[in-house]
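Down below is the structure, laid out as structure tokens.
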Protein chains: 2
Amino acid sequence: MTSRRIEIVRAARELLEHGGPAALTMRGLADQLQIKAPSLYKHLPDKGALELAIVVDGFEQAALAFEDAVLDAEDPLAAFVSAYRVFVADHPHVYRLMTEGPLPRDDLPPGLEERTAAPLVQATGDPARARAAFGFIHGMVSLEMNGRFPNDGNTEAAWARGLEAFRAPSVATELLT
Amino acid sequence: MTSRRIEIVRAARELLEHGGPAALTMRGLADQLQIKAPSLYKHLPDKGALELAIVVDGFEQAALAFEDAVLDAEDPLAAFVSAYRVFVADHPHVYRLMTEGPLPRDDLPPGLEERTAAPLVQATGDPARARAAFGFIHGMVSLEMNGRFPNDGNTEAAWARGLEAFRAPSVATELLT
DNA sequence: GTCTATAGTGGGATAGAC
DNA sequence: GTCTATCCCACTATAGAC
């Protein structure tokens with residue numbers, strides 16, 4: 001029924017991923033679909049709805065990837081970070097759209113944000129540590145994405161430091177403190 | 001001689017800070033200065049040069065603030081973070097311009113980037129730890145700026161965790177390990 | 001579901017006179 | 001250093017026919 005809408009959103013996402021935000025225009029999207037721009041408005045109220053749909057898709061895909069990564073992992077935080085970095089590397093512009101600017105929480109499917117965050121909370125074992133880890137991970141991928149780090153060995157070393165700092169304490173470690 | 005250019009850049013910065021990136025247009029800037037838009041092009045080649053000038057100003061101001069904060073501080077990392085958060089809170093849109101997208105390194109005054117980063121390297125005592133701390137700090141301020149965190153107590157707790165994790169080891173601590 | 005035609009807005013930038 | 005006049009571009013979105 002609304003399968004046309006799904007096709008449109010998927011095409012929009014490809015356009016965004018390949019050409020960045022500047023490439024995501026109603027005209028360009030219509031061209032890609034070999035229709036005319038005004039036809040899009042039969043399926044979507046406006047451009048904001050299109051961007052929101054891309055963001056929701058992104059969160060759903062990320063949630064699945066994170067859940068899968070943490071499941072049965074020996075080191076859940078390392079597994080989470082690895083999955084996170086893959087997601088960002090594969091869809092940098094979608095990630096930007098998901099994280100830059102305010103999040104339209106009221107328009108997101110209920111529970112989606114929490115679901116996406118849950119694997120990290122599990123991997124860190126503590127809400128405050130999860131938040132610190134989230135800051136670290138988001139900052140690192142953002143800076144990497146924008147080419148902010150020299151290409152020496154220090155970036156991987158920095159990742160390792162962060163993992164060490166925010167990993168949920170193991171039983172053995174807890175006995176020692 | 002080029003004092004007019006300085007006035008223009010300052011007005012542009014105010015426009016950006018108060019109205020966000022959408023408010024920074026050549027027309028709006030001209031209005032603010034009570035001149036006509038084409039006159040701006042006698043002082044600046046194009047809009048890119050204007051944005052670059054704002055970014056350079058931002059780095060210089062940040063470098064000064066960071067250097068001053070770390071100087072003689074009992075806890076240099078805490079002092080650095082505090083100064084960093086103040087800078088971002090005071091100039092969020094300038095900070096965005098400075099950090100989103102690639103950095104035009106070749107057009108920056110030589111040494112400015114290094115100078116801005118130096119206080120953090122000093123406060124962490126190690127390049128890899130500095131990079132991890134930078135990731136953490138940038139991620140935290142970005143997420144705070146975009147209203148990504150619930151307004152519970154966990155955000156300040158997360159800041160404290162990060163400080164603890166990336167602080168340069170004190171002599172006393174080193175003797176214990 | 002798609003089209004044509006078009007409105008309406010806003011933006012960056014140049015030429016050439018004063 | 002500023003002006004007027006203007007160009008050219010791109011975009012979102014609507015009305016109404018097929």
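In what follows, chains carry the letters A, B, and so on, assigned in the order in which the sequence lines appear, proteins first and then strands, with residues in each chain numbered from 1. Just so it is clear, the model here is predicted, and its values are computed rather than measured.
By the 30° and 60° cut-offs, the orientation of the rings of A:Tyr84 relative to A:Phe66 is parallel.
Using a 4.0 Å cut-off, some side-chain N or O of A:Arg4 falls inside it from OP1 or OP2 of C:dT2. Residue B:Arg27 places none of its side-chain N or O atoms closer than 4.0 Å to OP1 or OP2 of C:dA13.
Distance NZ (B:Lys47) to P (C:dG10): 15 Å, rounded to an integer number of Å. Atoms CG (B:Leu29) and C1' (C:dG11) sit 14 Å apart, rounded to a whole Å. When rounded to the nearest whole Å, the span between CE of B:Met26 and P of D:dT2 equals 13 Å. Taking atom CG on A:Leu50 and atom P on D:dA13, their separation rounds to 10 Å, with Å as the unit.
With A:Asp57 contributing its side chain and A:Glu60 its backbone, the two residues share no donor-acceptor pair below 3.5 Å. A donor-acceptor pair under 3.5 Å is formed between the side chain of A:Asp126 and the backbone N or O of A:Ala128. A distance-only check finds a donor-acceptor pair linking the side chain of B:Thr116 to the backbone of B:Leu112 [under 3.5 Å]. A donor-acceptor contact shorter than 3.5 Å is absent between the side chain of B:Arg167 and the backbone of B:Pro76.
Considering A:Glu100, A:His138, A:Glu17 in turn, A:His138 is the only one that fulfils the side-chain hydrogen bond (donor to acceptor under 3.5 Å, both in side chains) rule with A:Tyr95.
Taken residue by residue, residues 35-46 of chain B places heavy atoms nearer than 4.0 Å to DNA chain D at B:Ile35, B:Lys36, B:Pro38, B:Ser39, B:Lys42, B:His43.
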